[in-house]
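A short write-up of the structure that comes next.
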Amino acid sequence: MSLVWHWFAIVFALGTGALALAQPQPSRGLAPDQLRSGLAFAGPDVQRLQADAFANPGLLWLTRGKALWAQGAGPLKQSCQDCHGRQAESMRGLAARYPRLAPNTGQLVNLEDQIRACRTQRQQATDWAFESEELLAMTLYVTDASTGLPLHMSPDPALATHLQAGAALYQRRQGQLNLSCAQCHDQQQGRRLYSDRLSQGQPNGYPVYRLEWQTLGSLERRLRSCYVGIRAEPPPWGDLRMRQLALYLTWRGEGLPIEVPAVRK
Amino acid sequence: MSQSLARLQWPFVIQAGDVVKVRLLVQHPMHTGYQQDMEGRLIARNVLVWLTCTLDGQQVFRVEPSSGIAANPYFEFFVRARASADMVVQWQDDLGVMGEWRQRMDVAERKTPGP
């Protein structure tokens, strides 16, 4: 009898082990050669504004971010530059790998979270709120060091469950319009929704200058806009689900080069 | 954010007497009074009341934008550059906040026949 139970236990253990190993990879939806930045779906005027190396409004925030990088803050008047040196070297490629797990807490964080943590814990300076000019400017400046580098999810195996959760959220129908992200951005991309062309929902241009907002905004703000668009209640600011969704988008867009400062309608 | 920030651009090489195109981008939210903040509260109207550009102490451009102008307004105008001088941009908004941005315009002596 006990032998049978042992046998059962072994089979069960093997089974769950195999299940964990064979955890289905979420579907990418798009082949690498099908990936298109949101710029490809924008109108010619928006494309021109983004390409204008003077008039692209995002450059104002980039200038601000550069100044903030060298500006001391907190009781020790430490600046980002004091620890990290030149942004072009120390931050190169970093933004392409976010969101990732914070090494000290193990929590899934996006670039904004990381900058805020650095600001309050390392510099011990006043916090920068989500969507504050300073946080957006610094996020843009850090991301700018990765311009042209492909999105590439951090290879951390511990990200698997978050990736699964993000993929599930991407496929889940929600809101009064009962739509999933996939229905617009995988199945209907390139087609018109009122006067807009539906993009692939790629995360490679954030923080983005959006003409609708008349200002720079984060990926989280953009995702919240989509929630409002499908008449769903957006999660609270800083919610884990938004980071999981962003993680899935990064993985789904792997290979697409970072393109900031981007301009979108 | 109260620090004033603008961008100014003109041709890289200017010879004395040239008429040059000046491009100006000013950071300002230009809140119309109808927009809402992240919590859904109405944002009070705050647009640029006036903006001037002076070159070498002489006013060369003035505009009184209203709420019909987009955020981070962009302007273009032409000036005749006679000698190297500071271009000074100044502005004031509905909250009474003043802004200033200055940039040196370098003008070389004329080598080719004038316009």
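To find a chain, count down the sequence lines: A is the first, B the second, and so on, and within it residues start at 1. Here the structure is a predicted model, which is why all the values come from computation and not from measurement.
Contact of A/F130 with chain B is not made at all, since no heavy-atom distance falls under 4.5 Å. When heavy atoms are compared at a cutoff of 4.5 Å, A/N56 approaches chain B solely by way of its backbone atoms N, CA, C and O. For chain B, the nearby part of A/R221 is the side chain; its heavy atoms alone come within less than 4.5 Å. In this structure, chain B has no heavy atom under 4.5 Å from any part of A/A129.
Side chain of A/D196 to backbone of A/L193: no donor-acceptor contact under 3.5 angstrom is found.
Interface summary for chain B: among A/L211, A/T215, A/L59, the most heavy-atom pairs under 4.5 angstrom belong to A/L59.
For the residue pair A/E259 and A/Q50, a side-chain donor N or O sits within less than 3.5 Å of a side-chain acceptor on the partner. Side chain to side chain, B/W50 and B/E64 fail the donor-acceptor criterion of an N or O pair below 3.5 Å. With no hydrogens or angles considered, no side-chain donor-acceptor pair links A/T139 and A/R116 at under 3.5 Å.
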Begin from the C-alpha positions of A/S90 and A/Q81 and carry the test side chain to side chain contact (heavy atoms under 4.5 Å, CB included) through to its verdict. CA-CA 10 Å; A/S90 59; A/Q81 190 171 295; over 6 Å; no
